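Bear in mind the structure is a predicted one, so any value in this text is a computation, not a measurement.
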Amino acid sequence: MRAGFGRQAITPHKPMKMAGFDRRTELSTGILDELYSSVLLLEDETESLFSFVSLDVLGVDHKLCTLIRKTLSPVLSLREDRIWVSSTHSHSAPSHIFSGMESYDPAFVSFLLEQTKEAGKQALADLAPCA
């Protein structure tokens, strides 16, 4: 069996509304801890790959999961159904990342996808035997 891991920061570069603080009217005022996109890649004895993606955001909807799978699939040479996406349910992450929301931020989503792609490349390069 082999495993590889990659992680890239997805902390916004500008003040944003924070998830879980929707009643708060002001934007974030600074950074205490970085937010990350993490990719774990596993390969079994048949050399079949599987990937777990974890995002430090409040949640992920179907559309965001699909975007992530479409972004990572060619990078990892992996079918989209072999990529599972989850969130850490962080209330300190950006709010309004879902398409269809009034204040959807496509620039942040694009940044998140690019960073996840880089984390996938790291995971692929990191593949090594494990027990």
Side-chain angles (χ1 to χ4, degrees):
M1 179 172 205
R2 295 191 311 159
F5 181 76
R7 182 171 92 158
Q8 288 288 309
I10 58 169
T11 310
H13 299 296
K14 65 179 186 177
M16 297 181 77
K17 287 193 76 110
M18 292 172 59
F21 293 89
D22 291 334
R23 289 193 176 153
R24 195 168 97 178
T25 56
E26 64 272 359
L27 302 177
S28 58
T29 58
I31 298 169
L32 179 60
D33 296 306
E34 294 285 342
L35 302 171
Y36 293 96
S37 175
S38 303
V39 176
L40 173 64
L41 197 54
L42 300 173
E43 181 183 71
D44 66 14
E45 61 280 346
T46 67
E47 297 184 6
S48 181
L49 288 172
F50 188 86
S51 181
F52 291 100
V53 178
S54 176
L55 304 171
D56 288 337
V57 296
L58 184 65
V60 289
D61 67 353
H62 180 74
K63 190 168 186 173
L64 185 58
C65 288
T66 299
L67 287 171
I68 290 167
R69 288 183 185 115
K70 286 188 181 308
T71 299
L72 276 181
S73 179
V75 171
L76 302 175
S77 298
L78 196 56
R79 287 190 339 246
E80 290 178 26
D81 65 336
R82 305 280 298 168
I83 301 169
W84 284 12
V85 183
S86 67
S87 71
T88 58
H89 194 78
S90 173
H91 284 256
S92 298
S95 185
H96 306 300
I97 62 171
F98 302 117
S99 181
M101 292 194 75
E102 187 176 301
S103 56
Y104 171 68
D105 190 332
F108 178 72
V109 172
S110 180
F111 172 67
L112 184 147
L113 292 173
E114 189 57 37
Q115 293 299 88
T116 301
K117 181 179 177 179
E118 290 305 311
K121 289 177 183 178
Q122 285 178 348
L124 199 56
D126 189 53
L127 266 178
C130 65

Novice: Tell me if a side-chain donor or acceptor on Arg2 pairs with a main-chain N or O of Glu43 at a distance below 3.5 Å.
Specialist: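 Absent.
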Novice: Please determine whether side-chain contact (heavy atoms from CB on, under 4.5 Å) holds for the pair Met18 and Ser92, giving the CA-CA distance in whole Å, both sets of side-chain angles, and the decisive distance to 0.1 Å.
Specialist: CA-CA 6 Å; Met18 292 172 59; Ser92 298; 4.1 Å; yes
Novice: Among Leu40, Leu42, Ile68, Leu78, which one satisfies side chain to side chain contact (heavy atoms under 4.5 Å, CB included) with Ser51?
Specialist: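 The passing option is Leu78.
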Novice: Measure across Leu72 and Gly120 and return the closest heavy-atom pair with its distance rounded to 0.1 Å.
Specialist: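 Shortest heavy-atom contact: CD2-CA, 3.9 Å.
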Novice: Same cluster for Phe52 and Leu49 if Ile/Leu/Val/Met/Phe/Trp/Tyr side chains link at under 4.5 Å?
Specialist: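 In one cluster with Phe52: Leu49, no.
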Novice: Are side-chain N/O atoms of Thr11 and Glu34 paired as donor and acceptor at under 3.5 Å?
Specialist: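 A donor-acceptor contact under 3.5 Å links the two side chains.
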Novice: Determine the interplanar angle of the Phe108 and Phe111 rings, folded into 0 to 90°, and report it as parallel if under 30°, tilted if 30 to 60°, perpendicular if over 60°.
Specialist: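 Taking Phe111 first and then Phe108, their aromatic rings sit tilted (interplane angle of 30° to 60°).
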Novice: Search all heavy atoms of Ala93 against all heavy atoms of Leu58 and return the closest pair with its distance.
Specialist: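 Heavy atoms only, the tightest pair is CB-N, 4.1 Å.
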Novice: Would you say the side chain of Pro15 lies within less than 4.5 Å of the side chain of Glu26, judging by non-hydrogen atoms?
Specialist: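 SC-SC contact between Glu26 and Pro15 ruled out.
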Novice: Do side-chain atoms of Ser110 reach the backbone of Pro106 as a donor and acceptor pair under 3.5 angstrom?
Specialist: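 Here the side-chain-to-backbone pair does not exist.
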Novice: For the pair Arg79 and Asp81, evaluate salt bridge (Lys or Arg N to Asp or Glu O under 4.0 Å) and give the outcome as yes or no after the intermediate values.
Specialist: CA-CA 6 Å; Arg79 287 190 339 246; Asp81 65 336; 2.9 Å; yes
Novice: Main chain of Tyr36, side chain of Arg7: is a donor-acceptor contact present, judged purely on distance under 3.5 Å?
Specialist: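 No; zero donor-acceptor contacts below 3.5 Å.
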